[in-house]
Number of protein chains: 2
Amino acid sequence: MPANNPAIDLDQVRRQCARCDLRELCLPAGLDSADVDRVDQMVADRTSLASGDTLYHAGSPFRALYVIKSGSLKTQAVSEGGELQILGFHLPGEIMGFDALAGERHQCSAEALEASSVCRLPYAELERISASVPGLQRQFMRLVSREMGDDHDHMAMMGRNQAISRLALFLHSMSKRQARLGRSADQLTLTMSRADLANYLGLVLETVSRLFGRLQEMGVIEVRRREVKILDREGLKSIGEC
Amino acid sequence: MPANNPAIDLDQVRRQCARCDLRELCLPAGLDSADVDRVDQMVADRTSLASGDTLYHAGSPFRALYVIKSGSLKTQAVSEGGELQILGFHLPGEIMGFDALAGERHQCSAEALEASSVCRLPYAELERISASVPGLQRQFMRLVSREMGDDHDHMAMMGRNQAISRLALFLHSMSKRQARLGRSADQLTLTMSRADLANYLGLVLETVSRLFGRLQEMGVIEVRRREVKILDREGLKSIGEC
DNA sequence: CGACCGATTGAAGACACTCAAGATGCGTGG
DNA sequence: CCACGCATCTTGAGTGTCTTCAATCGGTCG
């Protein structure tokens, strides 16, 4: 804990936002350095998660939002009938826990797909500070709105009734999100299992597996397990539109 | 227009939030009467829409959010390939236009499904006022969060691979939303066409039509055109979970 | 009343699912 | 280091469900 450490460490923690690679995507985007420091001080802690660890459970009381610093997570909800639906895959810079604001409990669970780290933002603090930092308020809204946009992309995928369109759209959108993070848009490392992906797309895992094969035969991608290389971006896009 | 009318009308417009049936669902929920008045003053105008009218188009510049006062609307997005996806059906008390905050343009179009009216909230005003009215800020977040929850329900519907589950879940969720508005939970009047509903559920319209028939044969609903009566709520629920 | 739009119904086929077996990769322990 | 077991992914064959294409019905409005 920071309290146990000398000044060096405290300073390091305080200045992390300013040094973070994600600062242009995350809450500090567009803020001046004094305000970035205030955001920094608001961050309660930066937690590490191992693959499979749960960040929060559906039903647990809501206290904080989380911004992903590294790694990736999935969110999933279980219906009253016990059916599980994966709601999203989340990458660094994205904000999580937002759906809990309506009630006072989380509506879905969040689980790490690989070793990951997140910044915890106690919501009471965020509310207090954003009242006096207008830029923060605005950037927060932008993040939430982007999250909604991702949900809409998800629906557009599930709405296609050709299964291969869904997978093609997924790969295309994943590629765009990777690029947004400054990573290669053509070399994807999927961190979710085929079962997760199938559930996300509204398919069964065998179908997803077969479709990866078909896309490879068609020459638009190269698949090796969870490594996907996009060979023909335009081809992929047109399959997504069929 | 209000400007052309005497004081009586102005006063009436100003006091509308306090008298509105939706005040407990809408932005004023939980505010004291002075703050309700401030919200009232923020409402730029209350627009009437005829069935088929567009509230905003995808790509048009974002200036305001809208709260539905009466009627119902659909939101839809068109992908780059020209494929249309209906993103949601929206009922009174719900907030619209939120997905535009990330860019400065609307990401989807909103169209009235029947004669409707909406309250227009210029976003600049909303930002300004919510900084000084903490309760408003909080309630705004709750509405946005509820919107996200509705999106998640939508995904859960599309994720079911039995088509009949999707329709059953849709009817069940529609029933709950109607009840939230104080309307009968068992007598639904669907304002969208079969084609709209099919698109929303990721099916074709013929399938939806057949499924209505099957649900009626099973004795869980009674359908007559767009009028649906729920006869067996539990049965409907269990079909949604199959 | 006749035309039109939306909804229903029918028949045939395609596509994704189910069930099942086999392959591949990974971690563990001998 | 290899052998083993387990988990994940792939591949196969057969079935069922949803889609497609087409015709009919019903209600609404000029």
Side-chain angles (χ1 to χ4, degrees), chain A residues 50-52 74 83-86 111 113-115 157-171 188-218 221-229 239-240 242, chain B residues 50-52 74 83-84 86 89 111 113-115 157-171 188-218 221-229 239-240 242:
Chain A
S51 179
K74 64 176 173 182
E83 295 296 333
L84 187 145
Q85 176 64 47
I86 293 186
E111 189 182 316
L113 292 168
E114 61 185 317
M157 276 175 230
M158 293 182 109
R160 316 272 62 243
N161 46 19
Q162 292 289 323
I164 202 163
S165 306
R166 297 191 203 175
L167 184 58
L169 283 172
F170 169 77
L171 292 171
L188 306 179
T189 302
L190 304 178
T191 54
M192 71 293 294
S193 68
R194 295 286 190 264
D196 283 344
L197 182 49
N199 180 293
Y200 179 80
L201 295 174
L203 300 168
V204 294
L205 71 90
E206 295 96 324
T207 302
V208 170
S209 185
R210 274 183 252 269
L211 292 173
F212 270 118
R214 272 176 64 194
L215 286 175
Q216 184 164 243
E217 276 176 31
M218 294 162 92
I221 61 170
E222 207 174 281
V223 197
R224 189 186 151 72
R225 217 72 174 162
R226 293 186 179 181
E227 299 294 327
V228 178
K229 189 171 186 177
I239 293 165
C242 79
Chain B
S51 179
K74 64 176 173 184
E83 294 296 333
L84 187 144
I86 292 186
F89 301 118
E111 188 181 316
L113 293 166
E114 62 186 315
M157 275 175 229
M158 293 182 111
R160 314 272 61 243
N161 47 17
Q162 292 289 322
I164 202 163
S165 304
R166 299 191 204 176
L167 183 58
L169 282 173
F170 169 76
L171 292 171
L188 306 180
T189 303
L190 303 178
T191 54
M192 72 292 296
S193 68
R194 294 287 189 261
D196 283 344
L197 182 49
N199 180 292
Y200 178 79
L201 295 173
L203 301 168
V204 294
L205 70 91
E206 295 96 325
T207 302
V208 170
S209 186
R210 275 183 252 270
L211 292 173
F212 270 119
R214 272 176 64 193
L215 286 174
Q216 183 162 244
E217 275 176 30
M218 295 163 92
I221 61 169
E222 207 174 281
V223 197
R224 190 186 151 71
R225 218 73 174 159
R226 292 186 180 182
E227 299 293 327
V228 178
K229 189 173 186 177
I239 292 165
C242 78

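Not measured: the values here are computed from a predicted model. Order of the sequence lines fixes the chain letters, A, B, ..., with proteins taken first and strands second; residue numbering starts at 1 for each chain.
- Contacts of B:Leu203 with the nucleic acid, taken as non-hydrogen atoms under 4.0 Å apart, involve only primed sugar atoms and P, OP1 or OP2.
- The number of heavy-atom neighbours closer than 6.0 Å to CZ of B:Arg226, taken from other residues, nucleotides and ligands shown, is above 12.
- Atoms CG (A:Leu201) and C1' (C:dA16) sit 13 Å apart, rounded to a whole Å.
- A cation-pi arrangement is present between B:Arg194 and B:Phe212, with the terminal nitrogen or guanidinium carbon under 6.0 Å from the aromatic centre and inside a 45° cone about the axis.
- Set against C:dT8, C:dA16, D:dC18, the side chain of A:Arg214 has C:dA16 as its closest nucleotide.
- Taking atom CG on A:Leu211 and atom P on D:dT11, their separation rounds to 12 Å, with Å as the unit.
- Whole-Å rounding puts the A:Arg194 CZ to C:dG25 C1' distance at 13 Å.
- Listed nucleotides: D:dC9, C:dA7, C:dA20. Nearest to the side chain of B:Ser209: C:dA7.
- Spacing between atom CD of B:Glu206 and atom P of C:dG10 amounts to 14 Å, rounded to whole angstrom units.
- Rounded to whole angstrom, the span from the CG atom of A:Leu167 across to the P atom of D:dT10 amounts to 11 Å.
- Checked against C:dA7, C:dC19, C:dG25, the side chain of A:Arg225 finds its nearest nucleotide in C:dG25.
- Look at CG on A:Asn161: it is 18 Å from P on D:dT17, rounded to the nearest Å.
- Side-chain contact of B:Glu227 with B:Thr189: a donor-acceptor pair under 3.5 Å is present, judged by distance alone.
- Atom CD of B:Gln216 and atom C1' of C:dT8 are 12 Å apart (whole Å).
- The interatomic distance linking A:Met192 (CE) with D:dT8 (P) rounds to 15 Å, in whole Å.
- Taking every side-chain heavy atom of B:Arg226 into account, C:dA7 is the closest of C:dA11, C:dA7, D:dG27.
- Using a 4.0 Å heavy-atom distance criterion, A:Gln162 is classed as a sugar-phosphate-only contact.
- Phosphate contact (OP1/OP2 of D:dT11, side-chain N/O of A:Arg210, threshold under 4.0 Å): absent.
- Note that CD1 of A:Ile164 is 4.5 Å distant from CG of A:Leu215, once rounded to the nearest 0.5 Å.
- Regarding contacts with the backbone of D:dT8, every side-chain N or O of A:Ser193 stays at 4.0 angstrom or more from both OP1 and OP2.
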Exercise. I would like to know whether B:Glu222 and B:Val228 meet side-chain contact (heavy atoms from CB on, under 4.5 Å); could you show each step before the answer?
Key: CA-CA 6 Å; B:Glu222 207 174 281; B:Val228 178; over 6 Å; no
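- Between B:Thr207 and D:dC18, a side-chain N or O to OP1/OP2 separation shorter than 4.0 Å is absent.
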